[in-house]
Amino acid sequence: MSELKYPHLFAPIQAAGTLFRNRIFASPEGFYNISPDCFPNADCNAFFEHKARGGFASVCLGDCIVDRETGRHYDWLFRIDDERSLPMFSSFTSAISRHGCVASAELSHAGMYALASYKETGKLYGPVEMDNKYGHVTEMSEEMIEYLIERYGAAARFAKQCGFGMVTIHGGHGWLLPQFMSSKINTRRDKWGGSFENRMRFPLAVVESIRKNVGRNFPIEFRMSGSETNPDGYDIDEGIEFAKALDQKVDIIHVSTGNHEVLEATVITHPSMFLPDGCNAQYAAAIKPHVKSPVATVGAFTDPAQMEEVIASGMADIVELGRQTLADPDLPVKARTGREDEINRCMRCCCCFGSTGEHRIFYCAINPTIGHELEERYDNGPKFKKKVLVAGGGIGGMQAALTAAERGHQVVLCEKKDRLGGVLVCEEEVPFKQKLAGYISRQILKISRAPIEVRLNTEVTPELIREVAPDAIIAALGSRPAVPPVKGIDGKNVFGAEEIYYDTSKAGENTVILGAGLVGMELGLTLAMQGRKVTILEMADAPNFGETGMHPISLGLELKKFGVEIRLSTMVTEITADGVEADGPDGHLSLPADTVIYATGQKPLREEAAALSDFAGEFYYIGDCVTPKNILTATQAAYTVARDIGRI
Ligand SMILES: Cc1cc2nc3c(=O)[nH]c(=O)nc-3n(C[C@H](O)[C@H](O)[C@H](O)COP(=O)(O)O)c2cc1C
């Protein structure tokens with residue numbers, strides 16, 4: 001009998017003669033902070049190497065394009081069709097495999113959605129001639145199909161030469177191969193379309209070409225959408241048939257879901273915070289009884305116990321993690337060594353997608369090392385140990401205290417209130433913010449285990465600083481709600497967002513919220529989910545979602561579902577006992593409301609922080625007391641400042 005807590009999760013699995021040390025794979029992820037040549041670089045290697053070091057059995061380099069000229073949906077995708085990249089890919093695979101982890105290359109072509117190629121060449125190619133949202137699609141000729149089959153094979157051969165231990169064929173999410181598989185799209189009349197057999201001809205020929213190039217003893221994983229989860233795509237019944245056709249021709253059938261080009265579906269492919277953990281395992285489970293090849297599942301996994309159950313119950317043989325590998329690349333090691341309560345669980349805030357959209361760099365709100373992995377490698381710790389006083393036990397203060405303590409400094413953490421957590425504690429009861437609540441509790445747990453002296457109900461004053469006598473002070477005092485200067489704002493029916501978050505029963509049945517930022521919209525959704533009528537008024541001409549990647553799509557869909565109305569370019573002129581007077585694009589508005597809530601931003605406690613600055617040699621401001629922003633900004637500043645202490 002296994003002595004492990006998760007024996008199924010940590011049981012090795014073999015495919016095509018390759019041993020995978022456990023059942024936890026890092027799912028394909030692209031990486032866009034790369035050179036103009038689109039080859040892996042040191043930043044890329046360090047990002048993926050951490051997952052290998054953290055115990056994943058396989059790490060997959062996403063979206064390696066097999067034919068750059070016709071197949072790129074985005075400019076910054078790896079070029080596996082260019083053999084100049086040999087040393088860069090080889091250096092990548094070495095960084096992974098030296099940790100006992102299998103490096104995989106995801107071979108991809110976007111077909112009729114190859115937007116970046118289209119921008120360069122003015123041509124889009126797909127199974128059939130049509131017009132899609134990007135432009136005119138030319139039907140692929142037979143020669144082009146044969147050429148691409150050969151390109152997939154050549155890319156796999158090159159991947160093997162570079163040291164990859166597996167290839168993952170991207171046959172999901174609406175790209176080229178599923179375009180051929182789809183009965184709705186692929187109505188060709190030649191041998192490449194129409195009947196099921198004809199529609200599977202191209203994907204199967206790709207598999208065969210790859211097999212010829214890599215041999216029997218080299219695993220081929222096929223990533224497919226079990227269901228495309230939208231009315232224009234295919235459903236799980238068809239997905240099962242595709243999987244049956246691929247069975248035993250590939251070594252792992254990796255069942256993802258959805259379609260990148262359909263908004264409603266892409267927030268299922270990358271499950272939003274409104275969906276439960278492991279929500280897509282049902283598709284792998286539906287396919288599994290029909291095939292002999294091992295089946296992998298993916299989507300919103302964060303909890304080793306749930307992952308163990310998925311494998312133990314036979315829903316799937318392998319669990320693949322995407323965003324969770326950013327939140328905590330050490331998940332496998334922590335789960336295996338009984339430290340699962342320290343695993344940082346992905347909140348699905350989608351800040352990783354937001355930061356890559358803005359900067360082409362992945363950051364993670366709750367893991368400040370992501371995006372800075374190389375710095376970690378060359379960091380030798382502080383030269384001097386110091387006494388550090390952290391003023392404020394919110395998101396930033398907690399991270400600063402933890403990082404400073406980890407680095408051997410003596411830390412005192414003071415919080416004015418009777419508990420740690422700061423302003424976001426007010427959202428702990430919100431159903432779709434349970435991961436945030438978990439994050440706050442976990443930080444508190446880690447603090448309780450660290451050599452940190454916590455003083456609650458303690459305001460940092462000059463007297464307290466003299467008593468503690470720190471070498472360094474980190475001011476993490478936070479912010480206060482900004483009260484908009486509107487006539488009637490002091491009425492009995494008016495509340496700040498934080499107060500309502502703490503106690504939603506204070507809101508009446510008909511609520512108007514001032515401000516369509518994330519706080520206002522998420523509060524509006526919370527109240528609407530409880531059955532209230534909610535209208536949000538915003539002065540600007542667009543809601544402000546911050547850098548949250550796909551979150552705006554899912555939040556927008558939820559707001560629509562629960563009937564929350566957002567009125568843009570609307571300026572409130574007065575709040576009365578009966579509602580709100582405002583000027584909007586169509587003139588004056590009188591909106592009846594029993595409750596008015598302002599969510600119009602936060603005011604930084606800068607002066608309060610500055611008042612502490614003369615009492616220690618080193619003084620740092622972090623988080624909302626500098627500029628109120630978000631969890632990412634607070635944790636990154638906290639981590640960095642705490643790491644800087646004691647260097648000189
Ligand atoms: C940072 C990031 C990059 C991704 N890049 C790719 C990619 O290149 N190819 C791909 O097939 N999927 C890609 N995905 C999707 C993931 O592989 C995974 O299917 C998806 O995120 C759902 O899993 P999760 O809920 O564990 O994040 C990416 C996801 C993330 C978070």
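Read the numbers this way: they start at 1 and go in the same order the structure lists the ligands and their atoms.
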So [X] and [Y], would you call those rings parallel, tilted or perpendicular, with 30° and 60° as cut-offs?
| X | Y | answer |
| --- | --- | --- |
| Tyr363 | His372 | parallel |
| Phe362 | Phe47 | parallel |
| Trp175 | His73 | parallel |

Ignoring hydrogens and angles, tell me if any N or O in the side chain of Thr121 forms a donor-acceptor pair with the backbone of Ser117 under 3.5 Å.
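Yes; judged by distance alone, with no hydrogens or angles, the pair exists.
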
Over all atoms of both residues, closest heavy-atom pair of Pro12 and Leu19
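Shortest heavy-atom separation between Pro12 and Leu19 comes out as CB-CD1, 3.7 Å.
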
Please report which non-hydrogen protein atom sits nearest to atom 16 (C) of ligand 1, along with the residue it belongs to and the distance in Å to one decimal place.
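Ranking protein heavy atoms by distance from atom 16 (C) of ligand 1, first comes Ser27 OG, 3.4 Å.
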
Tell me the protein heavy atom at minimum distance from atom 12 (N) of ligand 1, and give that distance in Å.
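Protein heavy atom with the smallest distance to atom 12 (N) of ligand 1: Arg223 NH1, 3.0 Å.
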
When you measure from atom 15 (C) of ligand 1 to each heavy atom in Glu29, His270, Glu320, which option holds the nearest one?
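The residue whose heavy atom sits nearest atom 15 (C) of ligand 1 is His270.
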
Should one rank Pro28, Gly322, Gly62 by closest heavy-atom distance to atom 14 (N) of ligand 1, which comes out on top?
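Going through Pro28, Gly322, Gly62 one by one, Pro28 has the nearest heavy atom to atom 14 (N) of ligand 1.
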
Between [X] and [Y], does any side-chain N to carboxylate O distance fall below 4.0 Å?
| X | Y | value |
| --- | --- | --- |
| Glu238 | Arg199 | yes |
| Lys5 | Glu340 | yes |
| Arg339 | Asp330 | no |

For ligand 1, which atoms have a heavy atom of [X] less than 4.0 angstrom away?
| X | value |
| --- | --- |
| Pro271 | 25 (O) |
| Gly299 | 23 (O), 25 (O) |
| Arg323 | 24 (P), 25 (O), 26 (O), 27 (O), 31 (C) |
| Ala300 | 24 (P), 25 (O), 26 (O) |
| Glu106 | 7 (C), 8 (O), 9 (N), 10 (C), 11 (O) |

Residue portion contacting ligand 1 (non-hydrogen atoms closer than 4.0 Å) for Thr356:
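Under 4.0 Å from ligand 1, Thr356 contributes no heavy atoms.
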
If the test is side chain to side chain contact (heavy atoms under 4.5 Å, CB included), which one of Val298, Ile252, Thr325 qualifies with Phe25?
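The single option meeting the side chain to side chain contact (heavy atoms under 4.5 Å, CB included) with Phe25 is Ile252.
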
Out of curiosity, is Phe353 lining ligand 1, as in a heavy atom under 4.0 Å away?
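Yes, Phe353 has heavy atoms under 4.0 Å from ligand 1.
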
For Thr269 and ligand 1, answer yes if some heavy atom of the residue is under 4.0 Å from a ligand atom, otherwise no.
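It does, in that a heavy atom of Thr269 comes within the 4.0 Å cut-off of ligand 1.
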
Nitrogen or oxygen of [X] less than 3.5 angstrom from that of ligand 1:
| X | result |
| --- | --- |
| Asp63 | yes |
| His170 | yes |
| Gln324 | no |
| Phe362 | no |
| Gly30 | yes |
| Val298 | no |
| Leu321 | no |

Verify whether one side chain among Asp82 and Ser85 offers a donor that lies under 3.5 Å from an acceptor in the other.
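No, no side-chain donor-acceptor contact under 3.5 Å.
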
What side-chain donor-acceptor pairs closer than 3.5 Å can you find for residues 53-68, not counting sequence neighbours?
{"from": "Ser58", "atom 1": "OG", "to": "Val102", "atom 2": "O", "distance (Å)": "3.1"}
{"from": "Asp63", "atom 1": "OD1", "to": "Ser108", "atom 2": "OG", "distance (Å)": "3.3"}
{"from": "Asp67", "atom 1": "OD2", "to": "Thr70", "atom 2": "OG1", "distance (Å)": "2.4"}

All side chain to side chain donor-acceptor pair (under 3.5 Å) counterparts of Tyr32, not counting sequence neighbours:
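Expected list: none.
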
